[in-house]
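To find a chain, count down the sequence lines: A is the first, B the second, and so on, and within it residues start at 1.
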Protein chains: 2
Amino acid sequence: MSAIFKQHLQKFISISDEEFEQILSYFKLITVSKKENLLLEGQVCKQHYFVLNGCLRKFFINEKGVEITTEFAIETWWITDNKAFEHQTESPFNIQAVEKTTALTIDFHSQEKLLNDFQVMERYFRFIYQRAYAAAQMRLKFLYDFSKEDGYYNFMEAQPQFVQRIPQYLIASYLGFTPEYLSEIRKRKRS
Amino acid sequence: MSAIFKQHLQKFISISDEEFEQILSYFKLITVSKKENLLLEGQVCKQHYFVLNGCLRKFFINEKGVEITTEFAIETWWITDNKAFEHQTESPFNIQAVEKTTALTIDFHSQEKLLNDFQVMERYFRFIYQRAYAAAQMRLKFLYDFSKEDGYYNFMEAQPQFVQRIPQYLIASYLGFTPEYLSEIRKRKRS
DNA sequence: CGGATCGTTGATCAACTTCAACGGTCGTGG
DNA sequence: CCACGACCGTTGAAGTTGATCAACGATCCG
């Protein structure tokens, strides 16, 4: 299972089998079942998750009591509330399993230690954050550029893997509109 | 002027004066006047900018021909189209000076070389991208959480430094609505 | 002084939300 | 293995939010 993580690391940096085993020892392997929570709103965000298989999502609850999903993570994606993780403060987010999920998890202090002990991990995380930041910038562009309807078609094309496995109300939530409106868009397309 | 950059580096890593001079040699110092362009849509995004003073913005032009500003950068902020920079591909964005601006600039290959030559710069950029990603995540949350009106009040509170120096139509563009609507919000507040 | 740029106003219009209700399906307990 | 309840997607009507368009006044700058 953790071979997935090894392959992912080796896409960015070169490490020996021995080094990998040492690096892996900073992590814990966890499995959570569908709807199980890994972080609750108001808690300090202690962990950074690397999904090996399954799917996690990050969401918050707005003043109307509606869940808004801001992020999904599937195989080989990292997920956490980075701001709360970095400062070890309370998070406004929840992290929950969409499906049964296996992940590696590392707490803040272990991650700091890992970065100090392995220079090459600075390089790895520099890549990871750089890519994640670039992706977030493009996501912002899409939000500004597209109407909600076009955003849906764009997402369908760009991430068909999600549309297969994720319930529609979560997709609507992620795209920033209501399930009813998603229904309407789909009806329009059909006719 | 470049002392600003030195101070910024030293907030994250420790370097000697000598090292700093070497690092600085990878950059060029530029000054641009108001409305001058540093990147045009369709060009390969070759440069990464670190603002020493003044203000840059990144924007694109939507299908209706309207400029949408997705990012500002003032003193000690980095700015580029990270996706296009990383892959050295054409960018859909423009980068333009809002005011007369002085910045350090580094091209992609120099940045790669800098990262290879100075281990400590991997750490510095890991911090930079980590913070930038966390900030982008919070920005996304605000976009999902707030109505446009609330988004304006929130921005006013969080970034009063902008509201002073940036024309209103740019603020409206950044917040994702029209100047007319901003006018309406302001009128409502007044009464 | 004269033109371009910026903020404002008000009327009309489109995109999207809210609410209430209904039918299908899926999983769980009896 | 069936029945029931919870959950999910869908519909349609009415309501909001914010966009569009055209016009005007103020200000800045050459």
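- Separating the CD atom of E67(B) from the C1' atom of dC6(C) is a distance of 14 Å, rounded to the nearest angstrom.
- The residue from Y129(B), F125(B), F127(B) that alone fulfils the ring-ring contact (aromatic ring centres under 6.0 Å, His included) condition with W78(B) is F125(B).
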Walk along nucleotides 12-22 of chain D from 5' to 3' and tag each nucleotide B, S or - by protein heavy-atom contact under 4.0 Å, base first, then sugar-phosphate.
S-----SSBB-
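- D17(A) and K6(A) are joined by a salt bridge, as a carboxylate oxygen and a charged side-chain nitrogen come within less than 4.0 angstrom of each other.
- Side-chain contact of Q96(B) with N37(B): a donor-acceptor pair under 3.5 Å is present, judged by distance alone.
- The terminal axes of the helix from dC1(C)-dG30(D) to dG30(C)-dC1(D), fitted over 5 pairs per end, subtend an angle of 50° to the nearest 10°.
- No donor-acceptor contact under 3.5 angstrom links the side chains of Y153(A) and E157(A), judged on distance only.
- Classification of the Y174(B)-F72(B) ring pair by plane angle, with boundaries at 30° and 60°, yields tilted.
- Side-chain rings of F27(A) and F50(A) stay apart, their centers remaining 6.0 Å or farther from each other.
- Between H48(B) and F85(B), the ring planes are tilted. Angles from 30° to 60° get that label.
- Nearest nucleotide to the side chain of S183(A), out of dT8(C), dG9(D), dC8(D): dG9(D).
- Evaluation of the side chain to side chain donor-acceptor pair (under 3.5 Å) rule for R123(B) yields E122(A) as partners, not counting sequence neighbours.
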